[in-house]
Amino acid sequence: MQSSPNTSAATTVLDARDVEAGYAGKTILRGLNLHVRRGEIYALLGANGAGKTTTLSLFLGFLKPSAGTVLVNGVDPFGAPADARRQLAYIPENVALYEHLSARENLAYLLDLARQHADSRSIDGALSAAGLQPEAFDRRLAGFSKGMRQKVAIALALARQVPVLLLDEPTSGLDPQATAEFNRLLNLLREQGVAILMVTHDLLSAADVADRIGFLNAGQLVEEVAASGDDRFDVRTLHRRYTELGA
Ligand code: ATP
């Protein structure tokens, strides 16, 4: 684990600079500087109420910063929300999909809504790449586990070929095997060059997949650490630092 190096602006896909933001006059983010590069997994850690989901809301264009700049692949998500959303896939803690539709139908419908043409071969290819078993392709989502729903959401991101993936607590409630499978999918997306910002309380997953980890405390990024090569994060060191920082 080492202090994170400076980033070349050329590869920065998610960029928040000197951002102040909050709700109804209450400032939550205080001078946030955070960037995620192409082909990078960034885990944002922090205590309840630190402002992690608020950070995602900025990139999603749900919240206007009162100061600073927010860019998603060069697009201001508040100024041009439709353009910014075309750049990204967002997977909330509980994936919202159409319960009465099958996995195939969900993908076909949601890709159609995104005005993205996809034939049945590419839909099946995305579902397979996301690790969904073929016998589940035509089953209604209503009977799917949380892990299976996430696979459908990842398949949608794969089919849309978006450069950005935002995740809010993706592994909460997943069993260890489903978590490992999910992390494998994140690695696959990273290999495709996707910039991934993951908000999480799951230190083990962060240690497992993240290239960089940021600790958010009361709306400020108080520390960033980077994995170097094959030298992964040590979960005990992460936990100790998390506690020390009061993140
Ligand atoms: P958690 O780990 O509990 O999900 P978090 O780090 O994601 O926490 P946020 O959800 O970003 O934290 O919330 C940061 C602060 O902003 C909290 O004090 C919360 O009560 C407040 N907050 C969040 N959303 C709103 C909202 N829509 N209106 C008013 N206050 C809000």
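Remember, it's 1-based here, ligands and their atoms both numbered in the order they're listed. Predicted, not measured: the structure shown is a model, and the values here were computed from it.
In terms of protein heavy-atom proximity, atom 11 (O) of ligand 1 is closest to Thr54 OG1, 2.5 Å. Looking only at heavy atoms of the protein, atom 22 (N) of ligand 1 is closest to Tyr23 CE1, 3.3 Å. Counting protein heavy atoms only, atom 6 (O) of ligand 1 is closest to Lys52 NZ, 2.7 Å. Closest to atom 3 (O) of ligand 1, if we only count protein heavy atoms, is Asn48 ND2, 3.0 Å. Counting only heavy atoms of the protein, atom 4 (O) of ligand 1 lies nearest to Thr53 OG1, 4.0 Å.
For the pair Asp83 and Arg86, the salt-bridge criterion is met [side-chain N within less than 4.0 Å of a carboxylate O]. Ion pairing between a basic and an acidic side chain is recognised when a charged N comes within 4.0 Å of a carboxylate O; Asp211 and Arg190 show such pairing. Taking 4.0 Å as the cut-off between side-chain N and carboxylate O, Glu169 and Lys52 do not count as a salt-bridged pair.
Partner of Thr171 under the side-chain hydrogen bond (donor to acceptor under 3.5 Å, both in side chains) criterion, out of Asn183, Thr179, Asp208, Asp202: Asp202 alone.
Protein heavy atoms all stay at least 4.0 Å away from atom 19 (C) of ligand 1. Distance check on atom 9 (P) of ligand 1: some protein heavy atom falls below the 4.0 Å cut-off.
The side-chain heavy atoms of Asp15 and Thr69, taken from C-beta on, include no pair separated by under 4.5 Å. The shortest distance between side-chain heavy atoms of Val162 and Leu88 does not fall below 4.5 Å.
Close approach to Lys26 involves these atoms of ligand 1, each under 4.0 Å from a residue heavy atom: 18 (O). Atoms of ligand 1 lying under 4.0 Å from at least one heavy atom of Ile28, given by number and element, are 14 (C), 15 (C), 16 (O). Per-residue contacts place Ala47 under 4.0 angstrom from the following atoms of ligand 1 (heavy atoms of the residue considered): 6 (O). Close approach to Gly51 involves these atoms of ligand 1, each under 4.0 Å from a residue heavy atom: 5 (P), 6 (O), 11 (O), 12 (O), 14 (C). Which parts of ligand 1 touch His201 is read off a 4.0 Å heavy-atom cut-off, strictly below it: atoms 2 (O).
Summarising the local packing, CD of Glu135 is surrounded by more than 12 heavy atoms from other residues, nucleotides or ligands at distances under 6.0 Å.
Residue contacts with ligand 1 include Gly49, since one or more of its heavy atoms lies under 4.0 Å from the ligand. The shortest separation from a heavy atom of Ala24 to ligand 1 is not under 4.0 Å, leaving the residue out of contact.
Between Tyr242 and His239, the angle of the ring planes stays under 30°, which puts this pair in the parallel group of the 30/60° scheme.
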side-chain contact (heavy atoms from CB on, under 4.5 Å) between Leu110 and Tyr98, intermediate numbers included = CA-CA 9 Å; Leu110 291 165; Tyr98 293 92; 3.9 Å; yes
